[in-house]
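Since the model is a prediction, treat every value here as computed from it, not as a measurement. Just so you know, ligand 1 is whichever comes first in the structure, and atom 1 is the first atom listed for that ligand. Residue numbers start at 1 and run along the sequence shown.
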Amino acid sequence: MLNAPAAVALPDRARVVVIGGGVIGTSVAYHLAHLGFGEVLLLERDRLTSGTTWHAAGLMATFGSTSQTSTELRKYTWDLYSRLEAETGLATGLKQCGLIELAIEPGRLEEYRRVAAFNRLCGVEVHEISPGEVAALFPLARVDDVLAGFYIPADGRVNPVDVTMSLARGARMKGARIIEGVAVTGFLRHSGAVTGVRTARGDVEAEYVVNCAGIWARELGELAGVTIPLQAAEHYYLLTQPIEGVDGSWPVLEDPANYGYYREEGGGLMLGLFEPVCAPWQVAGVPAGFSFGEIIPDWDRMAPYLERTISRVPVVEETGIKKLFCGPESFTPDLQPVVGEAPELKNYFVAAGLNSIGILTGGGIGRVVAQWIADGRPDVDVTGINIDRLHRYQVNPEYRATRTVESLGLVYQTHYPGRPVQTARGAKVSPVHERLVARRAYFRDVSGWEGADWYAPEGAEPEAGPLSWGRPAWFGYWEAEHHAARTGVILMDMAFMAKFDVQGRDAGRVLERVSANRVDGQPGRITYTQWLNSVGTLEADLTVTKLADDRFWVVASDTAHRHAQTWLRRHIDDAHAFVTDVTSGYAQINVQGPRSRELLAAVTSADVSNEAFPFRAAAEIDIGFARVLCIRITYLGELGYELYIPAEQAVHVYDRLAAAGRAVGLRHAGLKALGSLRMEKGYRDYGHDIDNTDTVLEAGLGFAVALDKPGGFIGRDAVLAQKARGPLTRRLVQVLVTDPEPLMFHAEIVRRDGRPAGYIRSASYGFTLGGAVGLAMIDADEPINQAYLDAGEWTIQIGDAVYPAAVSLRPLYDPRNERIQM
Ligand SMILES: Cc1cc2nc3c(=O)[nH]c(=O)nc-3n(C[C@H](O)[C@H](O)[C@H](O)COP(=O)(O)OP(=O)(O)OC[C@H]3O[C@@H](n4cnc5c(N)ncnc54)[C@H](O)[C@@H]3O)c2cc1C
């Protein structure tokens with residue numbers, strides 16, 4: 001390991017210390033320096049690029065994601081790398097040779113057609129090409145089994161080391177300092193915020209620290225109590241001897257079905273692999289001094305995969321192998337990067353866990369993190385990549401080792417809707433889990449919980465059958481659960497919801513300030529509200545129930561758990577208010593549907609009539625031997641109740657409900673039904689159809705904003721300012737495909753008079769409305785109101801097919817809320 005020459009003095013303070021000199025750290029430093037953020041210091045343990053960056057293959061693909069954020073990061077990265085040489089004088093090796101993705105099965109073809117439509121919407125040029133055209137562009141590829149290629153002429157490759165050096169020089173040219181040979185060994189902290197770093201050469205004080213330490217980031221995070229559940233895994237490519245005819249101008253070829261990618265290297269080929277079952281590396285921790293490191297390849301493990309990969313380019317079977325290279329790359333439990341400010345420690349940022357796309361998104365990641373630090377909030381949707389989506393248990397070594405086996409391979413799987421994660425299951429279960437197993441629930445991973453997705457009827461097994469883009473085998477079970485909620489009564493286990501008990505003399509005042517709606521009125525009432533930041537965009541979407549003057553019950557969705565918790569904690573300041581996470585202490589069982597009152601009345605002595613227990617009422621009621629917090633509210637658009645039960649009495653209460661349910665036709669319903677029911681009603685889901693870039697008005701949630709409440713709330717001025725600017729030209733609308741056949745999942749293109757107006761953020765199937773239904777954010781250059789919607793001809797593009805659609809600002813199901821008030 002390099003030791004910094006004594007002559008290079010370590011400053012005793014900087015505004016930001018960036019840790020790690022790989023592509024990510026240098027990109028963060030580059031962007032902070034370009035923002036003029038002042039005193040940016042990058043510390044690298046050894047030498048720049050000595051971690052994972054030095055051996056990356058350098059593929060640059062803008063194609064492939066249906067996440068707007070990821071696609072924008074890729075596009076920005078390409079743009080940045082293409083102008084770096086002119087700025088810094090250091091070449092990046094960027095080569096616009098094109099990229100081809102192969103589809104050899106119908107499922108993959110469908111996926112790529114959907115991805116291509118979405119990527120085109122984002123400005124990426126994609127062509128579907130024939131097998132013959134693939135062969136013309138990459139003559140060594142066997143194409144007899146190819147259905148189609150997807151060709152992106154503007155994609156290509158880059159030299160990862162050169163790009164990192166160029167970013168580093170660009171950072172230095174704008175005043176950043178980069179010191180090699182200095183490892184960060186600890187952190188300085190004060191009052192819940194990081195205040196600097198420790199090194200063998202002394203401490204450096206800093207306002208902000210950014211952990212960009214790649215495969216070391218988790219262990220470094222632990223030194224500050226920050227949870228970064230990434231895990232290194234073996235990652236391979238094979239280099240051949242030179243092959244006659246191979247041309248450096250050929251596009252990069254990807255054949256995910258055979259686990260491989262292919263490109264020219266040194267006159268031969270590089271064959272990269274994403275094997276379906278992969279090997280975590282050094283679960284206990286990265287060995288000291290690992291720099292420019294290689295892992296001894298496991299030929300036996302890789303042989304069957306290599307065989308498949310080589311089969312796409314048979315010439316390799318007769319070509320000498322130069323090297324099977326293996327290096328470690330970090331993978332995360334959900335294959336998304338770990339980005340943003342740590343919930344545990346203010347001003348401690350992380351940009352790590354790049355899941356094999358650190359080079360092709362590195363520019364964009366650096367830009368987002370720098371902008372986030374400078375402005376205090378990100379300017380892109382970060383709900384899917386924010387560090388606060390991850391949980392403490394995920395750093396557990398056995399969990400990491402188990403989940404990572406699946407992660408790397410997922411990169412090349414066909415991304416069918418609802419593909420279940422299969423590893424590290426059973427990590428968290430509801431208190432009534434075994435009862436649901438007995439009811440033949442099919443479970444899926446819900447933020448680590450086993451969540452019942454749907455139930456097989458008596459006599460059938462909860463088996464999902466093959467994955468597909470069409471109607472699954474269990475479509476009919478889902479439909480029956482949906483109709484039961486609309487016409488009878490259903491029971492839904494929601495134990496995974498995040499629940500917080502907020503107490504203290506000032507609890508009401510704090511919550512009133514943080515919430516856009518009025519939440520501190522009469523006790524015994526639930527309020528739906530958003531939490532906004534100072535520019536009026538959404539930080540959380542949740543309910544607040546006032547139980548007593550000094551006690552509130554806050555419930556958020558599982559994905560927003562730590563974000564909501566951190567947001568509230570950080571806004572308490574020195575007020576007398578305390579947030580206790582009681583998620584594990586309470587079960588949540590929802591009984592919903594027009595007959596839910598009948599069911600509840602059969603198990604409690606409490607008066608649950610509409611008069612005594614109206615919509616939005618909350619009270620403790622008796623069920624069996626238990627005291628249960630009962631709240632009359634719905635997230636699926638019917639009369640219904642949420643029951644919060646001390647965990648140890650959940651089974652008892654469940655049994656009482658199930659027994660009484662026989663008389664009223666109670667059906668168990670899963671999360672698929674929740675999805676279809678709430679989508680028909682246009683109820684939003686933070687992180688899926690609304691996010692941190694949307695204002696509360698654009699999200700259509702103005703009805704939940706109490707602009708006139710005394711004392712105001714965070715974001716009020718921004719809401720007023722947006723109102724003053726006039727009618728909205730960006731709004732969330734509900735979209736119904738009028739043809740009952742097609743299905744929507746996410747990222748389908750919404751068109752008005754043939755022109756793209758937006759895309760479906762999330763979707764389901766509306767069994768009551770009679771077609772696929774989703775929510776889309778629409779942009780226009782004129783006010784979006786009902787007249788605008790009525791004046792256009794709306795269609796939805798799903799893959800290559802186009803269908804007529806109905807578009808609405810008001811919920812298509814029960815727009816007057818009559819059913820929930822019954
Ligand atoms: C075989 C292979 C092929 C790949 N191919 C591609 C590809 O084609 N396209 C693509 O986009 N991505 C690819 N990747 C992934 C890509 O290489 C990574 O995502 C990326 O390099 C990660 O960059 P990083 O800066 O996060 O990590 P690193 O490059 O590992 O940088 C982290 C740095 O932090 C330093 N550090 C660690 N601890 C400390 C400390 N305590 N103090 C100071 N410094 C510290 C390390 O020395 C290191 O230099 C590939 C990866 C592998 C293994």
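Heavy-atom proximity to V182, at under 4.0 Å, picks out these atoms of ligand 1: 43 (C). Close approach to H55 involves these atoms of ligand 1, each under 4.0 Å from a residue heavy atom: 52 (C), 53 (C). Set against the non-hydrogen atoms of L354, the atoms of ligand 1 under 4.0 Å away are 19 (O). Against a heavy-atom cut-off of under 4.0 Å, G22 is close to the following atoms of ligand 1: 25 (O), 29 (O), 31 (O), 33 (C). Taking every heavy atom of W216 and a limit of under 4.0 angstrom, the matching atoms of ligand 1 come to 30 (O), 37 (C), 38 (N), 46 (C), 48 (C). In the vicinity of L220, heavy-atom distances shorter than 4.0 Å reach the ligand 1 atoms 41 (N). Near G214, the atoms of ligand 1 lying under 4.0 angstrom from a non-hydrogen atom of the residue are 26 (O), 27 (O), 32 (C). Contact atoms of ligand 1 toward L360: 10 (C), 11 (O) (distance under 4.0 Å to a heavy atom of the residue).
Closest of all the heavy-atom pairs between S166 and L90 is OG-O, 2.9 Å.
Results of the side chain to side chain donor-acceptor pair (under 3.5 Å) test with E87 over H34, R169, K174 single out H34 as the only residue that passes.
Looking at C212 against ligand 1, only its backbone comes within 4.0 Å, counting heavy atoms.
Geometrically, ligand 1 and R47 share no nitrogen or oxygen pair separated by less than 3.5 Å.
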